[in-house]
Protein chains: 2
Amino acid sequence: MQQSPVPPETPIYRRIADGLREAILSGELRDGDRLPGENALMAQYGIARATARQALSVLINEGLAVPRRGSGVYVRQFRPIRRHGSRRLSHGHWGRGRAIWDADTEGRPYTVDEVHVDRETAEEEIARVLGGPDVWVRRRRYSVDGRPVQLSVSYFPAGLVEGTPIVAEDTGPGGVYARLRELGSAPARFTEEVRARMPHPHETVQLDLPAGTPVIVIMRTAHTAEGTPVEVNEMVLDAASYVLQYDFDA
Amino acid sequence: MQQSPVPPETPIYRRIADGLREAILSGELRDGDRLPGENALMAQYGIARATARQALSVLINEGLAVPRRGSGVYVRQFRPIRRHGSRRLSHGHWGRGRAIWDADTEGRPYTVDEVHVDRETAEEEIARVLGGPDVWVRRRRYSVDGRPVQLSVSYFPAGLVEGTPIVAEDTGPGGVYARLRELGSAPARFTEEVRARMPHPHETVQLDLPAGTPVIVIMRTAHTAEGTPVEVNEMVLDAASYVLQYDFDA
DNA sequence: CAGTGGTCTAGACCACGCT
DNA sequence: GCGTGGTCTAGACCACTGA
C-alpha cells in the first residue's frame, strides 16, 4: 500500500504542483480562477489527502495561489504600484509643497492609518547614523484600495525636530521634508538600501500577507547638502504590490 | 485522541515555530546552530511527526532555517553582497575600462559561468522597448565564493551589435558598455525596475536556493544620451545574498 | 448543510549523513 | 548502522463559505 516500487524520479506532489504551475504561468488558469481542490486531486490522482495538500502548499508558498477557507484555492494576481526612487525625488516634487508619496500610487488613492509619533531610544545602527540614540519616531501604515501595502518607520534626531510639527501627527503641507527645509536642514542627498526577505509574523499580520509573499525592505537615509543625516526611514513593502523604479545617469 | 477539547487560540505547530523563531531572532540560536529535530519536538511536546514537521516547515519557508538530509535543521545565515546602483554607474567606473560588475562584490571575487550568446526573437515587452523583436541575447550566471548568486540576461538590438565583440563570449576589456561606446551608442541613462517574488523552479535550481528564499528581479534599460534604448538587462538575484544601494540627489 | 481548507494522529518505507 | 529529514497513507474533528 506504499508508493510504487520504483521511486518515481520526482515525488507525486511535485509533479502535481508542476502541472498546476504550468497551467498558471501559461495563462490556462487566470487571475482569480479556482484550482482543483484537495478532494479533486485525491480523486484524480488516487492520493491521500496530505499529499494533495502538499502539492497545493507548494504553489501557495510560491505566491502563485491563495487558499480561501471553505471555498477553495485560487490563482493569485499581481497588479503592482510603481514607486519612483531617484526620479521622483530629483524632480522637485516635495519642493513644490507636495509630499513625496503623492507620485507613488500614480493616480490610485492611498490612505494613512495607524500614525504613531514617539520619542524613543534608537537601536545601534540607527543611532550610529543619526549621531546619537535620542530620536523621534514616526510609524505609519499606508493602504491602497483599502488594502495595507506598506509599513514605514522614520527616525529623526531628537535635538533637530523637538517642538516642530514633525513630532505632531499632522506635519502640514509638504510633509516632513518641507518642515526640515524650514529648519534649514533640507534633504539634498538620499541613500536607499534595498533588500528582500520573507516577512516576520507581525509584518504578515499588519500587511495581511498571504503565504509566499516576500517583503521589500528599504532603508533610506536623507542627508543635507552638508552631508548631515537628518532622517532614516525604514519601509517594509508588500512585494506583490510594488515595483520600484530608479532612474539615473551614467 | 484529538487535540485538547478547547481549541488553543493558536495551533500547536505555530506556537512551536514561534518559540524557535524567537530563539533565532534573539540570537539564542546563532548562524549554523542546529534546531531541535523532528524526533526531539515529538518527544518534547508529545505531538505526532507530521505536526513537528509542520512547525519546522514554517521556519524553513520563512528563510530562517535550512534542512539538511540525514543531519538536521540549521539556522540560516545572511551575509549579503552590496550592489551599487546609481553611485556605481555615475562615477565612471565603466568609462575607465572596467566592467560594471567589478565594484559589486566589494573585494570578494566573482566568477562567470554558463555564458551563452544567441540570436533570438524577443518577447513582446523587450521588443517594444528595443524597437523590434530581432535581438542578440547574452545569458550568464555569476557566482561568489563558489556559490551562484545571480542570473543575467541581456538583450541588444541585432542591427546595432551584429558582427561586434558584443556577440562574442569574451567582450574584451570594459565589457559590453565599452564596446557600445565604440559603436557611438554609449549608455548615458539607466532605468532600473526592481521587484521581488518567490523563485520559479528553474531559478531555484540554477541559484541553488533553499526554500523560503525570494529573488530580486531587476530590469535595467540602458539609453544613449539621445534616449535610444540599447540594452535591456534582466537580472535575477538570490535575495539572501544581496543588498542593493541607490544614491541620488534631491 | 454540504463542501472546503486547517489541524492533527499513528503509523509506513525511503535516501541520505555521519560516525 | 543508526538517526535524520523526505514522502506517503488513512483516517479524524474543526471552522468557515456559500448556495
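Letters go in sequence order (proteins before strands), and every chain restarts at 1.
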A/G46 vs A/R68, nearer the 5' end of DNA chain D by closest nucleotide: A/G46

Listed nucleotide nearest any side-chain atom of B/T51, set C/dT7, D/dC8, C/dT9: C/dT9

Between D/dG5 (C1') and B/Y74 (OH): distance, integer Å: 11 Å

Residues forming a side chain to side chain contact (heavy atoms under 4.5 Å, CB included) with A/A239, sequence neighbours excluded: A/P214, A/I216, B/A196

Sugar-phosphate only, base, or nothing, as touched by A/R53 at under 4.0 Å among non-hydrogen atoms: base

Test side chain to side chain contact (heavy atoms under 4.5 Å, CB included) applied to A/D18 - qualifying residues, sequence neighbours left out: A/R21

Results of salt bridge (Lys or Arg N to Asp or Glu O under 4.0 Å) for A/R197 - residues two or more places apart only: A/E203

Between D/dG5 (P) and B/R69 (CZ): distance, integer Å: 12 Å

Side chain to side chain contact (heavy atoms under 4.5 Å, CB included) involving A/E22 - partner list, sequence neighbours excluded: A/S26

Length of the line joining A/M42:CE and D/dC8:P, which is rounded to integer Å: 14 Å

Under-4.0 Å side-chain N/O to phosphate OP1/OP2 contact, A/N39 with C/dG3: no

N/O donor-acceptor pair, side chain B/R49 with base D/dT7, under 3.5 angstrom: yes

Contacting residues from residues 203-212 of chain B, given that a heavy atom lies under 4.0 angstrom of DNA chain C: none

Between C1' of D/dC8 and CD1 of A/I12, the distance in whole Å: 8 Å

Value in whole Å for how far the C1' atom of D/dG11 lies from CD1 of A/I47: 16 Å

Candidates D/dG18, D/dT7, C/dT9 - which lies nearest the side chain of A/S71: D/dG18

Side-chain donor-acceptor pair present, B/T213, B/R76, cut-off under 3.5 Å: yes

A/R34, nearest nucleotide to its side chain (from C/dT9, C/dA15, C/dT4): C/dT4

OH-CG distance between B/Y74 and B/D31, expressed to the nearest 0.5 angstrom: 14.0 Å

Between D/dT9 (C1') and A/E38 (CD): distance, integer Å: 15 Å

Distance, rounded to the nearest Å, where A/L41 contributes CG and D/dT9 contributes P: 12 Å

Nearest-angstrom distance from the residue atom OH of B/Y13 to P of C/dT7: 3 Å

A/Y246 and B/Y246 aromatic ring geometry - parallel, tilted or perpendicular at 30°/60° bounds: parallel

Interface residues of residues 54-64 of chain B with DNA chain D (non-hydrogen, below 4.0 angstrom): none

Residue whose closest nucleotide on DNA chain D lies nearer the 5' end, B/G72 versus A/A50: B/G72

Pair A/R139 + A/E234, salt bridge at N-O below 4.0 Å: no

Distance under 6.0 Å and angle within 45° of ring axis: A/R82 vs A/Y242: no

Test item: A/R30 side-chain N/O and A/E28 main-chain N/O as donor-acceptor pair under 3.5 Å: no

